[in-house]
Amino acid sequence: MLGTVTPPPESAGPGVDVVIPVGVRDLRPRDLPACGWSGSPTHVRQIERQLVRAAAGEVDYLAVCTPTDLPVAIGGIDYRASEGAGTLWQLAVLPALQSCGLGTLLIRAAEQRIKDRGLRRAELAVEEDNRAIGSRRRRDDESRQP
């Protein structure tokens with residue numbers, strides 16, 4: 001899945017638009033040193049453990065990457081957390097590129113992975129201190145026509 005990122009106008013300055021092509025692929029162990037922005041060292045070690053589960057087919061872990069192949073958004077899909085569903089979790093976007101559509105692109109790619117596995121339901125696991133993503137996604141879903 002390919003997309004483009006256009007930073008909000010106020011971040012680029014007046015009259016300047018920056019468009020960056022991005023793609024979605026599986027996150028790889030060699031990407032982890034470039035993912036420190038997603039959380040603490042403990043969090044990155046947790047991602048490393050999840051990549052072992054990905055190799056076993058229990059989860060998918062996706063990365064939205066720039067043309068230089070650097071991850072700027074990452075997130076997982078756990079197929080064992082809830083019967084008959086893929087559970088999206090550990091979603092993160094590079095802070096400087098938040099509100100540019102990367103999270104939406106990541107979630108759409110994750111939803112496609114879930115469909116590709118023959119599942120009809122996606123769930124979103126949200127930590128108690130990060131409720132904004134869940135409420136924003138619900139608003140987006142409510143505005144989408146079936």
Side-chain angles (χ1 to χ4, degrees), residues 1-12 18-66 68-146:
M1 175 177 280
L2 294 176
T4 58
V5 177
T6 304
E10 65 276 3
S11 66
V18 177
V19 178
I20 304 166
V22 293
V24 180
R25 62 164 172 79
D26 290 320
L27 187 70
R28 300 181 290 237
R30 71 175 188 234
D31 295 322
L32 294 178
C35 294
W37 52 264
S38 70
S40 69
T42 301
H43 173 75
V44 175
R45 284 191 300 276
Q46 171 64 18
I47 295 170
E48 186 174 25
R49 287 190 290 276
Q50 298 309 318
L51 293 181
V52 173
R53 292 183 65 210
E58 297 176 11
V59 303
D60 281 326
Y61 217 102
L62 305 178
V64 177
C65 296
T66 65
T68 59
D69 209 30
L70 285 174
V72 291
I74 59 174
I77 311 158
D78 192 332
Y79 299 106
R80 300 227 172 173
S82 182
E83 181 80 24
T87 302
L88 282 66
W89 97 122
Q90 295 187 345
L91 303 173
V93 176
L94 180 71
L97 294 176
Q98 290 177 357
S99 298
C100 296
L102 291 170
T104 299
L105 178 64
L106 179 63
I107 289 172
R108 287 186 180 151
E111 289 172 335
Q112 187 59 53
R113 290 281 183 107
I114 292 166
K115 286 179 189 176
D116 291 348
R117 285 197 179 217
L119 300 173
R120 298 176 52 123
R121 194 173 82 245
E123 296 182 355
L124 181 61
V126 180
E127 293 181 15
E128 192 64 35
D129 62 347
N130 192 12
R131 294 284 181 194
I133 190 171
S135 63
R136 180 174 175 187
R137 184 66 186 165
R138 280 191 295 278
R139 286 193 310 273
D140 291 347
D141 286 345
E142 290 168 1
S143 66
R144 204 184 306 175
Q145 295 295 319

> What distance do Leu97 atom CG and Ile20 atom CD1 have between them, rounded to the nearest 0.5 Å?
Replying inline: 6.0 Å

>> Looking at every non-hydrogen atom in both residues, tell me the closest pair between Trp89 and Val59 and how far apart they are.
In response: CH2-CG1, 4.0 Å

>> For a quick test of reading the model, state the closest non-hydrogen atom pair linking Ser38 to Val44 and the distance between them.
In response: OG-CG2, 4.3 Å

> Where the side chain of Arg121 meets the backbone of Glu83, is there a donor-acceptor pair that is under 3.5 Å apart?
Replying inline: yes

> Minimum heavy-atom separation for Leu94 to Trp37, with atom names?
Replying inline: N-CZ3, 3.2 Å

> Could you state the interatomic distance from CD (Glu48) to CD (Gln46), rounded to the nearest 0.5 Å?
Replying inline: 10.5 Å

>> If we check side-chain contact (heavy atoms from CB on, under 4.5 Å) with Ile74, which of these qualifies: Leu62, Asp31, Ile47?
In response: Ile47

> Between Val93 and Leu106, is a side chain to side chain contact (heavy atoms under 4.5 Å, CB included) present by the stated rule, with each step listed?
Replying inline: CA-CA 9 Å; Val93 176; Leu106 179 63; 5.5 Å; no

>> If I take atom CD from residue Gln112 and atom CZ from residue Arg108, how far apart are they, to the nearest 0.5 angstrom?
In response: 12.0 Å

> In Å, rounded to the nearest 0.5 Å, how long is the span from CG of Leu51 to CG of Asp26?
Replying inline: 9.0 Å

> Looking only at heavy atoms, which two atoms of Gly86 and Ile77 are closest? And how far apart?
Replying inline: CA-CG2, 3.9 Å

> Where do Thr87 and Ala81 come nearest, in terms of heavy atoms and distance?
Replying inline: OG1-CB, 3.7 Å

> With respect to Asp78, which candidate in Glu58, Arg53, Glu123 satisfies the side-chain contact (heavy atoms from CB on, under 4.5 Å) definition?
Replying inline: Arg53

> What's the verdict on side chain to side chain contact (heavy atoms under 4.5 Å, CB included) for Leu124 and Leu91, showing C-alpha distance, side-chain angles and the deciding distance?
Replying inline: CA-CA 10 Å; Leu124 181 61; Leu91 303 173; 3.7 Å; yes

>> Does Asp60 form a side chain to side chain contact (heavy atoms under 4.5 Å, CB included) with Ile114? I'd like the steps, not just the answer.
In response: CA-CA 9 Å; Asp60 281 326; Ile114 292 166; over 6 Å; no

> Would a 4.5 Å heavy-atom cut-off, applied to side chains only, mark Asp69 and Arg28 as touching?
Replying inline: yes

